[in-house]
Amino acid sequence: MSAQTHLKSLFKDQYNPDNFFLIAGPCVVEDEALLMHVAEKVSGICKRLNIPYIFKASYRKANRTSINSFSGVGDVEGLDLLQKTGQTFNLPVTTDIHSAAEAAMAAAYVDILQIPAFLCRQTDILLAAAETGKFVNVKKGQFVSGEAMKFAVEKVKQGGNDKVWLTERGTTFGYQDLVVDYRNIPIMKEHGVPVIMDCTHSLQQPNQTSGVTGGNPKLISTIAKAAIATGADGLFIETHPNPAQAKSDGANMLHLDLLEGLLEQLVRLREVVK
């Protein structure tokens, strides 16, 4: 099946081939109230702007810098809340998995399995995700070229699943910064799959001596606009009503109150460049 056919089956009444799609939500499942608040507000914005919307939150964070950092409310509890959020607002839902053993468990609750950037070359996790039959969104490693991501696509397809996406999220630049090479968007589209721009993790400033990853959220709009201009099919934006109090990645999340204005600009830009 074609990528467009797959997207239509995922989004159903939301499907809009003339616009980008959005993956957005808080970094991690903190509690039910947060998920419901974010999903309600973002889904309302996206309906008004005719943007297909996928709700995102990680049921567990396995890749925190410090052992003292919050990692989740519990696997089943977190997945239950994700499923409930999707059902409440009639939205497709995505979450990370961190090992092959997690694939089948998470697939029972969500529509898209996200493969973290650090794990994009791990054959066992890619095959396990493929075998669930769910959509598989592979984030490009900070150490991998856009050209080399064809091998991740091949692994998922050889696992019997052609519902695969790729996400650009920046390239390591020194020890404590990332840089986005926008050539990777058209390059990865040549692999025949939808390509997404992660507008928030691409602005991380990792490896801080505090044990908490930094970020530069003032540039989220810049990253997003450039991604639309260079042909991204979708955008990934982590958002929170109070990033300063978020339990994960607060330093690079977009304040929820700023999302609507940004999306309005991006829709107008998409109309110009499509």
Side-chain angles (χ1 to χ4, degrees), residues 2-7 10-11 15-24 46 49 51-54 56 94 96 112 114-121 126 135-157 162-173 177-204 215-239 252 254 259 262-263 265-274:
S2 70
Q4 291 300 320
T5 300
H6 286 316
L7 290 172
L10 175 70
F11 289 117
Y15 180 65
N16 180 5
D18 295 323
N19 208 352
F20 61 89
F21 61 88
L22 176 69
I23 303 173
C46 287
L49 297 176
I51 300 171
Y53 173 43
I54 299 164
K56 182 271 169 186
T94 186
D96 306 77
I112 304 108
Q114 181 173 283
I115 309 301
F118 287 134
L119 301 175
C120 70
R121 294 180 60 182
L126 292 172
F135 286 79
V136 181
N137 179 22
V138 187
K139 287 197 167 184
K140 183 185 75 64
Q142 300 92 321
F143 45 87
V144 180
S145 69
E147 291 89 344
M149 286 302 291
K150 69 178 181 180
F151 299 110
V153 174
E154 289 174 0
K155 288 176 182 179
V156 175
K157 290 186 174 181
D162 63 352
K163 294 183 290 187
V164 55
W165 305 342
L166 295 176
T167 293
E168 166 63 37
R169 54 96 74 232
T171 301
T172 298
F173 186 70
D177 208 356
L178 299 170
V179 65
V180 177
D181 181 352
Y182 284 96
R183 293 176 298 179
N184 282 324
I185 292 177
I187 286 170
M188 291 195 296
K189 290 184 73 167
E190 291 178 2
H191 304 327
V193 299
V195 174
I196 300 153
M197 181 71 226
D198 184 337
C199 304
T200 45
H201 289 99
S202 60
L203 291 167
Q204 283 182 329
N216 192 358
K218 291 181 180 179
L219 290 176
I220 291 172
S221 63
T222 301
I223 296 291
K225 290 171 186 175
I228 293 299
T230 48
D233 299 289
L235 299 177
F236 178 108
I237 300 175
E238 287 191 337
T239 184
N252 54 269
L254 182 70
L259 182 63
L262 174 58
L263 291 177
Q265 294 178 38
L266 296 173
V267 168
R268 292 196 295 271
L269 179 59
R270 171 75 175 196
E271 291 173 352
V272 174
V273 301
K274 70 182 179 182

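Only heavy atoms go into these numbers, but all of them, side chains included; no hydrogens, no water, no symmetry mates.
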From [X] atom [atom1] to [Y] atom [atom2], the distance as rounded to the nearest 0.5 Å:
X      : Y      : atom1 : atom2 : value
Ser145 : Asp181 : OG    : CG    : 9.5 Å
Met197 : Met188 : CE    : CE    : 8.5 Å
Ser221 : Leu262 : OG    : CG    : 6.0 Å
Leu178 : Thr171 : CG    : OG1   : 7.5 Å
Asp162 : Ser2   : CG    : OG    : 9.0 Å
Leu235 : Ile220 : CG    : CD1   : 11.5 Å

Report task. Taking atom CZ of Phe173 as the centre, report whether more than 12 heavy atoms of other residues, nucleotides or ligands fall under 6.0 Å from it. Result -> no
Query raised in the report: So does Arg270 have more than 12 non-hydrogen atoms from other groups sitting under 6.0 Å from CZ?
Result: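 Counting neighbours around CZ of Arg270, more than 12 heavy atoms of other residues, nucleotides or ligands fall under 6.0 Å, so yes.
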Kindly say whether [Y] contributes a backbone atom to a donor-acceptor pair with the side chain of [X] at under 3.5 angstrom?
X      : Y      : answer
Asn184 : Gly146 : yes
Lys56  : Leu22  : no
Gln142 : Val144 : no
Tyr53  : Ala24  : yes
Thr200 : Glu238 : yes

Could you tell me which non-hydrogen atom of [X] sits nearest to which non-hydrogen atom of [Y], and how far apart they are?
X      : Y      : answer
Cys120 : Val138 : CB-CG1, 3.7 Å
Pro194 : Leu7   : CG-CD1, 4.5 Å
Phe20  : Val267 : CE2-N, 4.0 Å
Leu263 : Cys46  : CD1-SG, 4.4 Å
Val273 : Ile228 : CG2-O, 3.6 Å
Lys225 : Leu269 : O-CD2, 3.3 Å

Query - Thr167/Asn137 under side-chain hydrogen bond (donor to acceptor under 3.5 Å, both in side chains): CA gap, chis, key distance, verdict - result: CA-CA 7 Å; Thr167 293; Asn137 179 22; 2.7 Å; yes
Requested in this report: Indicate whether the side chain of Gln4 and that of Tyr15 have a donor and an acceptor atom separated by less than 3.5 Å.
Outcome: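 Yes, side-chain donor-acceptor contact under 3.5 Å.
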Requested in this report: Give me the one residue out of Arg169, Lys140, Lys139 that meets side-chain hydrogen bond (donor to acceptor under 3.5 Å, both in side chains) with Asp198.
Outcome: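 It is Lys139, the one option of Arg169, Lys140, Lys139 that forms the side-chain hydrogen bond (donor to acceptor under 3.5 Å, both in side chains) with Asp198.
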pair [X]-[Y]: side-chain heavy atoms closer than 4.5 Å:
X      : Y      : result
Ile115 : Val156 : no
Ile23  : Trp165 : yes
Gln114 : Phe236 : yes

Report task. Let me see the working for Leu266 and Ile51 under side-chain contact (heavy atoms from CB on, under 4.5 Å), right down to the final yes or no. Result -> CA-CA 10 Å; Leu266 296 173; Ile51 300 171; over 6 Å; no
Report summary line: Taken in chain and number order and not counting sequence neighbours, the residues that satisfy salt bridge (charged side-chain N to carboxylate O under 4.0 Å, His left out) with Lys189 are Asp233
Query - Parallel, tilted or perpendicular, as decided by the 30° and 60° cut-offs, for the rings of Phe135 and His6 - result: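 If you compare the ring of His6 with that of Phe135, the planes turn out perpendicular.
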